[in-house]
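Below is one structure, written out as structure tokens; the observations come after it.
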Amino acid sequence: MEDREYDLAFFHRHGFHRRTCAGCGHAFWTLGEFDRCQEAPCRDYGLVGHPVFARPQSPREMRETFLSFFEGRGHTRLRRYPTIARWRNDVFFTQASIYDFQPWVTSGAIPPPANPLTISQPSLRFIDLEEVGRSGRHFTEFEMMAHHAFNRPDHEVYFKERTVELCHELLTSALGADPAAFTYKEEVWEGGGNLGPSLSVGAAGLEVATLVFMEYVRDGDALKPMPLTVVDTGYGLERFTWASQGTKTAYEAVFGREYDELRRTFAPREAAILIDHARAINFLLTDGVVPSNSKEGYFARLLLRRALRILQKTPEAPELLAILDRTGRELALDFPEVGAHRDDLRRVVEAEAEKFQEAIARARQTIRRQEDRVRATGGKVTSDDLLGWYDSLGVPPDLAVEELRAPPPIPEDFYAQVAARHENEAPASDYAETTEVLPEVPASVPPTEVLYYLDPYTVSFDAHVVFADGPFVVLDRTYFYPTGGGQVTDTGHLGDASVTDVERRGPHVFHRLDAPSTVHVGDRVRGRIDPVRRTQLMQHHTATHLLNGALREVLGPHVWQAGAYKAPEAARIDITHYRALSKEELHRVDRRVNEVVRADRPVKSYFESRSEAERRFGFTLYQGGAVPGKELRIVEVEGFDVEACGGTHCTHTSEVGAISVLDVERIQDGVVRLTFASGERALDLREEHDAILKEAARRLGVPVAKLPDGIDRLLAEVEEGRKRAKERRQEDLGATAERLAADPTATETVGGVVLVVASVDLDRNGLMELSRLLTKEPGRVAILAAERDGKGTLFVGSTAPGIAAQSVVDAAKAAFAGKGGGNPAAATAVGEPGAPLRAALHDARTAARRAADS
RNA sequence: GGGCUGGUAGAUCAGCUCGGAAGAUCGCCGGUUUUGCAAACCGGAGGCCUCGGGUUCAAAUCCCGACCAGUCCA
């Protein structure tokens, strides 16, 4: 990045000078007399006891100071976004305020909700988890205060000069800091293929803010200017609060009385971890994470288990729920949604605590057993075992050590070693976008007017072709619904050609025909949508919303849609929930959802400003993922369910027809999938299932109502038959054994050993069982031969101490080219097809006699 | 999304390295003993060794693949 990028008129106007930091080598701008930038490690922390700002402020006051400062300077104040970044597939959590606007707003695809804007965004970062409570300034949950501006070539809001001016005014006028206390360090920010200059604002050892100017796209080695430039700033609320108070650590300043209360029971580090985690958990659960073993759910589990472990180790510790409620109440003063649904939140936490106790109880047992085994063989438990147990059982090392009689030392770098174990794993990859490559559309082509939003019932319309390339046609207006929001595409006809797929990219809707199009730009064409398919898709989509509403009602507001798919044949919805659905719960959902269908409630679809919609309905609007933009399309089932959704919907619930849930499965920890059908399809399926039941009943010869009993009877009979066959076989074998024992040509006694030699017609298992019957007593040897499929099998069983079964078999192998082996008690060999089994039997008998004689 | 554990009797688990006749404990059933119960002792029933392929004369055991559960990491 060239120097001129940072050479701002603002700096010159106010008498800043540019220096190079003797510590890190970065250039910086300052009014002070520094030869180093004012950030650690280039300078020590100097704010303890010497606040940077004029007046101590609580987080609440500081947030308000910040937001109203920018509001007073032309910025629109936005409410926070969810901490779970459902609108992105590259990250789990909102880690900074700019995440709210990536990728669609920053790429220019969608206009920003306000411009310029200011926000204080609760953010989650797990990278410094181990530092929480240790460093005195790290948090997993923190608020990033920001002001953002999005500049288009035709509309420049503000960029570097104004940003730095605002920042400096905030620090010095609004917060009353000494103007000479700050350094603006020159850095380069890069991310997501974009980059630009940035200024890092330091004071008293602390980096208090970062001002990023996104203006380039990396194109190989060259830099291309971005069509949209973005002001991305970040001011840490917690750091600002700390800097205003100058307390020993940030935790005293930020957590205040809550921290003092916990300090009566816990060490500073533990108290800080508990509050920090409790805040993060409150946000996570409020925003719809259910603890689980993967994805975002894992982080909720991680925090909960870490907190539980601390409480477990402390005898007079309060309940986790009490701590969560205490922090939750505090947060609710600023974020009322965190205070809602506390009972449901408690149930989620209780279920999770229970799972942890179970896991630990299981693990304890395993650890004890494994130690016993290791010690029995003269070994000892090593720190490697501790690593293994943590990885596979989830046992924290300190807990494992409690359980062991001879514990190894816990390595200092335990968690680093855990990380090392996972180093070589394949990185998590974004699932590949399988969308077909659509042709480029010239900028002159006007955007498609999408009419399906306004009227889902029109299935025939006229439009003009504005673009055509190969099988793709773009119209000036269309009623065809393109694949999106989990709803598959409409099909139908454009003129005489079949439309097989419809996709939306940017402002254009592409109709894909089954053959290269013969239409030309300017042609007027008639579009006809397959009405049966469209109706079924509408029913399935509206049914999905109804089910979601019923599930939230029955199971609790922790239920969020975690995915959905609506095809004509069936639809499915994945929801977050902490255990499998019980029969009773499913029954209640089924009843409730069909009750809402029958009640014929109106389903309204309309556009509304984002802020108004959020104010009225809250974040649960974003069941299908949060959508940035000024306007949201709202689908509202009156008094029951409201979601931001772009799909085609029925206008009354009764149009959905019956809803049948076909299948419920737990697809992963914390996620339950319901597969269902509605409308005609539900009736078709019901008929099909009915026919299957009747046919099954007919074949069993019972009435449908007696089907389960009939199956039980059938199974019992099968079991009985199996048992009887087994018994008969035992009897037959027993009879054979008796016959052989009584047959002088088969049985002889040599040197005190009873030797039975016989050819029988049995399979391998039969030979074994017969041998077992013949050798129940000690001092017996059975030599049995059988032929199956032309191959001879020789089996020898022995309870005679001097006669090893496998040596008898070995002696006979040569005679029939046999392969096999065994142990002293039993041995088998199978010969080549057609090889003389009789000779082998003879050799075996000879060998056994000789062994018995000696 | 990836790694690691694990899946054997109703329950909890041995056995798996190194392939060769499926085990223990608890529970269950019956008996002895006891006024009765518990306990003790004796005896018994109970297994598609998760499923599907492969290797082998032979697989609970080795290899490959599914499925299920747990766990760690992103």
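Chain identifiers are assigned alphabetically (A, B, ...) following the order of the sequence lines, protein sequences preceding nucleic acid strands; residue numbering begins at 1 within each chain.
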Distance from A/Thr106 atom OG1 to A/Asn194 atom CG, nearest 0.5 Å?
-> 7.0 Å
Nearest-angstrom distance from the residue atom [atom1] of [X] to [atom2] of [N]:
{"X": "A/Gln730", "N": "B/A45", "atom1": "CD", "atom2": "C1'", "answer": "15 Å"}
{"X": "A/Gln365", "N": "B/G70", "atom1": "CD", "atom2": "P", "answer": "17 Å"}
{"X": "A/Gln417", "N": "B/C72", "atom1": "CD", "atom2": "P", "answer": "18 Å"}
{"X": "A/His422", "N": "B/G1", "atom1": "NE2", "atom2": "P", "answer": "17 Å"}
{"X": "A/Asn293", "N": "B/G6", "atom1": "CG", "atom2": "C1'", "answer": "14 Å"}
{"X": "A/Ile367", "N": "B/U71", "atom1": "CD1", "atom2": "P", "answer": "14 Å"}

Side-chain N or O of A/Arg369 less than 4.0 angstrom from OP1 or OP2 on B/C13?
-> yes
From the list [options], which nucleotide is the closest neighbour of the side chain of [X]?
{"X": "A/Ser392", "options": "B/G15, B/G3, B/G70", "value": "B/G70"}
{"X": "A/Arg666", "options": "B/U12, B/A69, B/G2", "value": "B/A69"}
{"X": "A/Arg362", "options": "B/A21, B/G70, B/G3", "value": "B/G70"}

Under 3.5 Å for both donor-acceptor distances, Watson-Crick or wobble: does [N] have a partner, and if so which one?
{"N": "B/U50", "answer": "B/A66"}
{"N": "B/U71", "answer": "B/G3"}
{"N": "B/G30", "answer": "B/C42"}
{"N": "B/G23", "answer": "B/C13"}

Sugar-phosphate means primed atoms, P, OP1 and OP2; the rest is base. With that split, encode nucleotides 53-63 of chain B 5' to 3' as B, S or - using protein heavy atoms under 4.0 Å.
-> ----BS-----
